[in-house]
Amino acid sequence: MVRIATIDVELCKPKKCNLECIRFCPINRTGTKAIEIREGSKKPIIYEEICIGCGICVKKCPFKAITIVNLPEELETDLVHRYGINAFKLYRLPIPKEGMITGIIGKNATGKTTALKILSGKLKPNLGCIEKPPEWDEIIRAFKGTELQRYFKKLVDGRIQAILKIQYVDVVPKYLKGEVGKLLTRVDERNIVQDLKIELGLEKIWSRELKALSGGELQKFLIAATLSKDVDVYMFDEPCSYLDVYERMRIAKIIRRYAVQKGKTAIVVEHDIAVLDYLSDLVHVIYGVPGAYTLPRKTSNYRLASRA
Ligand code: SF4
Ligand code: SF4
């Protein structure tokens, strides 16, 4: 068994507790350290190779900061990324299928955004090696014989390009200033911005400053900006948040039309099952324990009767 021990640094408050996690650990009571206060930090560290996974610290922590999960050892070879010691682990990745839309669904904090960041090349996966993260050559070798090996090779060599529509649209006005129409015209590499203006219903906000937009308007602005880039793989992290049911279906149709129907590839993370159902050619369901680990699993080939 492989032990995954995570400590939520936001929840862990050593100054407000009695260090119950350390005091009640049965291994610590034998004189060996399975958990202790980390050197140079005021927060605890759990040594996963020593911890027996009894879960006593999980129950004793007054702030529910600890999660302990036991997983089969074989899975360790599939580890793609870990954010740090006692932090979240991502096993396996969804595989982008050329010319198709791959849907991803799963609970919050199960690594969907991390998977998109890795697949778009924004985050280099560390394969669980936190102290000495591997270079791309090693990462590509780790995926030997899989579709992901070919995908990453092309991405790293610059033979394919990917773009990611971020999840939190409300941060955009902090980094980008200007009028909607001017900004979209500037990024339009496919000569589609006038069509998108009509299809996304952007006419009313065309002359408006970005900082004056609502969440839904920012969402549509970002979708237009993403689709306007001439890349091979389009990734959308929750494209339907802030939008009503009518707008969600409109967005789904537009993503299909401007991505896959033009021979491109797309990956969409979405909580709205109806939208994902309409959009996706195949779906990866992410399962695991939020904040601890995650494992994407592909559903069998999935094409919807509604679109067949
Ligand atoms: S994990 Fe819980 S019990 Fe342990 S130090 Fe943090 S808050 Fe206290
Ligand atoms: S799970 Fe049990 S053995 Fe591991 S650190 Fe917590 S109390 Fe100690």
Side-chain angles (χ1 to χ4, degrees), residues 1-93 106-118 123-134 142 167-168 170-171 237 269 271 284-297:
M1 281 293 205
V2 168
R3 204 98 48 234
I4 301 178
T6 62
I7 300 176
D8 188 318
V9 288
E10 302 290 326
L11 295 178
C12 173
K13 296 180 181 73
K15 282 188 187 157
K16 294 189 178 170
C17 71
N18 294 310
L19 298 180
E20 290 88 340
C21 58
I22 294 169
R23 290 197 298 117
F24 289 97
C25 172
I27 300 296
N28 280 21
R29 288 181 166 207
T30 66
T32 308
K33 298 269 188 242
I35 178 167
E36 65 177 345
I37 292 295
R38 191 187 298 217
E39 215 175 291
S41 140
K42 294 190 171 65
K43 306 241 167 162
I45 177 172
I46 297 175
Y47 301 110
E48 289 171 335
E49 56 300 341
I50 297 171
C51 163
I52 55 167
C54 67
I56 290 174
C57 56
V58 177
K59 291 199 189 101
K60 291 289 180 187
C61 171
F63 297 109
K64 308 276 173 243
I66 301 178
T67 305
I68 304 280
V69 181
N70 297 310
L71 286 179
E73 202 143 336
E74 309 82 78
L75 211 55
E76 233 16 47
T77 53
D78 293 341
L79 179 56
V80 173
H81 193 72
R82 188 165 208 189
Y83 276 108
I85 297 163
N86 294 151
F88 173 80
K89 275 179 157 183
L90 173 69
Y91 292 95
R92 300 182 191 151
L93 282 170
K107 287 185 193 167
N108 286 335
T110 50
K112 301 183 299 298
T113 299
T114 302
L116 286 191
K117 282 185 185 165
I118 291 173
L123 175 67
K124 200 201 277 186
N126 61 18
L127 310 177
C129 306
I130 293 145
E131 275 162 22
K132 198 170 174 284
Q167 180 185 4
Y168 298 110
D170 43 340
V171 301
D237 197 348
V269 165
H271 288 289
H284 285 265
V285 179
I286 305 264
Y287 70 96
V289 175
Y293 86 101
T294 191
L295 199 62
R297 177 170 283 179

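Order of listing sets the numbers, starting from 1, for every ligand and every atom in it.
- With respect to atom 7 (S) of ligand 1, the closest heavy atom belonging to the protein is Lys13 N, 3.3 Å.
- Close approach to Ile27 involves these atoms of ligand 2, each under 4.0 Å from a residue heavy atom: 3 (S).
- Remark: Lys60 is positioned above the aromatic ring of Phe24, its terminal NZ or CZ atom under 6.0 angstrom from the ring centre and at most 45 degrees off the axis.
- The ligand atoms of ligand 1 that sit less than 4.0 angstrom from a heavy atom of Cys17 are 3 (S), 5 (S), 7 (S), 8 (Fe).
- Residues Pro133 and Lys124 fail the side-chain proximity criterion, which asks for heavy atoms closer than 4.5 Å.
- Atoms of ligand 1 found under 4.0 Å from any heavy atom of Leu19, numbered from 1 in the order shown, are 5 (S).
- Remark: minimum distance from atom 6 (Fe) of ligand 1 to any protein heavy atom is reached at Cys12 SG, 2.5 Å.
- Distance CG/Asn70 to CE/Met1: 5.5 Å, rounded to 0.5 Å.
- Ligand 1 has at least one atom lying under 4.0 Å from a heavy atom of Ile66.
- Salt bridge status for Lys42 with Glu36: absent, with no side-chain N to carboxylate O gap under 4.0 Å.
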- Message: Is there a side chain to side chain donor-acceptor pair (under 3.5 Å) between Thr6 and Asn86? Walk through the geometry before answering.
- Response: CA-CA 4 Å; Thr6 62; Asn86 294 151; over 6 Å; no
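- Atoms of ligand 2 found under 4.0 Å from any heavy atom of Pro26, numbered from 1 in the order shown, are 7 (S).
- In the vicinity of Cys61, heavy-atom distances shorter than 4.0 Å reach the ligand 1 atoms 1 (S), 2 (Fe), 3 (S), 7 (S).
- Taking 2.8 Å as the criterion, Cys25 does not count as a coordinating residue of atom 4 (Fe) of ligand 2, since none of its N, O or S atoms falls below it.
- Proximity to Phe63 (heavy-atom distance under 4.0 Å) selects the following atoms of ligand 1: 7 (S).
- Under 2.8 Å from atom 4 (Fe) of ligand 1 lies an N/O/S atom of Cys21, whether from backbone or side chain.
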